[in-house]
Amino acid sequence: MVVEAKIAPSMLSSDFANLASEARRMLDCGADWLHMDIMVCWHFVPNLTIGAPVIESLRKHTDAYLDCHLMVTNPLDYVDPMGKAGASGFTFHVEVTKENWQEVVQKIKSKGMRPGVALRPGTPIEEVYPLIEGEVPVEMVLVMTVEPGFGGQKFMHDMMDKVRTLRAKYPSLDIEVDGGLAPSTIEAAASAGANCIVAGSSVFGAPEPAQVISLLRKAVEEVQKAT
């Protein structure tokens, strides 16, 4: 089974004062998903971004897939609010759900969202295996290629070993990468097996975002054609 390329501009890099128009602009440029970073200050990361009220407001202006990445210590508490707000995907961190991930996944699915699990750079890839192979499994793994919390960081090439391991073990799994993805790093990510690409500053900071999105997609699809 060939997994589809999904390009998800990170709205963390957008103009928050014009979030609805920025979302439309990205979709018009060819984006598949809109990546939403949910951070609560000093809960897992030292930053504060948006929460369920902003997701709810944005949902009124778009029917796009809202790919929500929860960088919080207590993801179970956010499932109901995010589901009501209109989130499409709910990705939580394995580091904070070692004791209750089954409950988290089940609740996410019960609210009509697609469950995913993320891991930060220092976390061994083996920690997500049980979540992929569980009775109620996650449907995507997000491999962070920077430390979560802030945009604009440098891509960690050594994280591609995790992606290669996942792709070899789970050929039909959606594998997402987030952090430092750009025209200069997409070949490494695509060749390792990533098919869901989160890109922030490289898209929003480009003179022609549509060209960058097209380039990212082409890199993934070219690797898939060759395998």
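Numbers here simply count residues along the sequence, with the first being 1. All heavy atoms count here, side chains included; hydrogens, waters and symmetry mates do not.
Distance check, rounded to the nearest 0.5 Å: CZ of Phe92 to OH of Tyr78 gives 15.5 Å. Between the CG atom of Asp67 and the SG atom of Cys196 there is a distance of 7.5 Å, given to the nearest 0.5 Å. To the nearest 0.5 angstrom, Met36 atom CE is 6.0 Å from Met11 atom CE. Taking CE from Met26 and OG1 from Thr62, the interatomic distance works out to 12.5 Å, rounded to the nearest 0.5 Å. In this structure, CD in Gln106 is found 8.0 Å from CD in Glu103, a value given to the nearest 0.5 Å. Put simply, CG on Asn74 and OG1 on Thr97 are 11.5 Å apart, with the number rounded to the nearest 0.5 Å.
Applying the salt bridge (Lys or Arg N to Asp or Glu O under 4.0 Å) test to residues at least two apart or on different chains, none of the pairs has a partner in residues 53-65. Sorted by first and then second residue, the pairs that involve residues 155-167 and meet salt bridge (Lys or Arg N to Asp or Glu O under 4.0 Å), not counting sequence neighbours, are Asp161-Arg164. Within the structure, salt bridge (Lys or Arg N to Asp or Glu O under 4.0 Å) contacts touching residues 105-118 (residues at least two apart or in different chains) are Asp80-Lys107, Asp80-Lys111, Lys109-Glu139, Arg114-Glu139, Arg114-Asp174.
When side chains are defined from C-beta on, Met71 counts as touching His93, because their heavy atoms get closer than 4.5 Å. Side-chain contact between Phe155 and Ser184 is absent, with no heavy atoms from C-beta onward closer than 4.5 Å. With a 4.5 Å cut-off on side-chain heavy atoms, Leu166 and Ile132 count as touching. Trp101 has its side chain out of reach of Val117: every pair of non-hydrogen atoms, C-beta onward, lies at least 4.5 Å apart. Between Val177 and Ile197 the shortest side-chain heavy-atom distance falls below 4.5 Å. At least one side-chain heavy atom of Arg24 sits less than 4.5 Å from a side-chain heavy atom of Ser21. With contacts defined as side-chain heavy-atom distances shorter than 4.5 Å, the pair Ile50/Phe16 qualifies. By the 4.5 Å heavy-atom criterion applied to side chains, Thr165 and Tyr129 are counted as neighbours.
A side-chain donor-acceptor contact under 3.5 Å links Thr145 to the backbone of Asp178. A donor-acceptor pair under 3.5 Å is absent between the side-chain atoms of Glu127 and the main chain of Val94, judged by distance alone. A donor-acceptor contact shorter than 3.5 Å links the side chain of Thr185 to the backbone of Gly180. Although no hydrogens or angles enter the test, the distance criterion places no donor-acceptor pair under 3.5 Å between the side chain of Thr91 and the main chain of His69.
Tyr65 and Val79 are members of different hydrophobic clusters when ILVMFWY side chains are connected at heavy-atom separations under 4.5 Å. A chain of hydrophobic side-chain contacts below 4.5 Å, direct or via other Ile, Leu, Val, Met, Phe, Trp or Tyr residues, connects Leu70 to Leu66. Under the 4.5 Å side-chain heavy-atom criterion for ILVMFWY residues, a single connected hydrophobic cluster contains both Val105 and Met113. Criterion: ILVMFWY side-chain heavy atoms under 4.5 Å apart, direct or through other members. Under it, Val54 and Val72 are part of a common hydrophobic cluster. In the hydrophobic clustering of this structure, Ile125 does not group with Met140; members are Ile, Leu, Val, Met, Phe, Trp, Tyr whose side-chain heavy atoms approach within less than 4.5 Å, directly or through other members.
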Give every donor-acceptor pair under 3.5 Å between a side-chain atom in residues 202-217 and any protein atom, sequence neighbours left out.
residue : atom : partner : partner atom : Å
Ser202  : OG   : Leu181  : O            : 2.7
Arg217  : NH1  : Asp32   : OD1          : 3.4
Arg217  : NH1  : Asp32   : OD2          : 2.8
Arg217  : NH2  : Gly30   : O            : 2.6
Arg217  : NH2  : Asp32   : OD2          : 3.1

Name the atoms and distances for all side-chain donor-acceptor pairs under 3.5 Å in residues 3-10, with sequence neighbours left out.
residue : atom : partner : partner atom : Å
Glu4    : OE1  : Lys6    : NZ           : 3.2
Ser10   : OG   : Asp37   : OD2          : 3.3

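Within 6.0 Å of CD in Glu99 there are 12 or fewer heavy atoms belonging to other residues, nucleotides or ligands.
In terms of heavy-atom proximity, Ala23 sits nearest to Leu34 at CB-CD1, 3.6 Å. When every heavy atom of Pro121 is checked against every heavy atom of Met144, the shortest pair comes out as CG-O, 3.8 Å.
Remark: Glu187 engages no residue in a salt bridge (charged side-chain N to carboxylate O under 4.0 Å, His left out) (not counting sequence neighbours).
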- Query: What's the verdict on salt bridge (Lys or Arg N to Asp or Glu O under 4.0 Å) for Glu221 and Lys218, showing C-alpha distance, side-chain angles and the deciding distance?
  - Reply: CA-CA 5 Å; Glu221 292 177 343; Lys218 184 177 179 181; over 6 Å; no
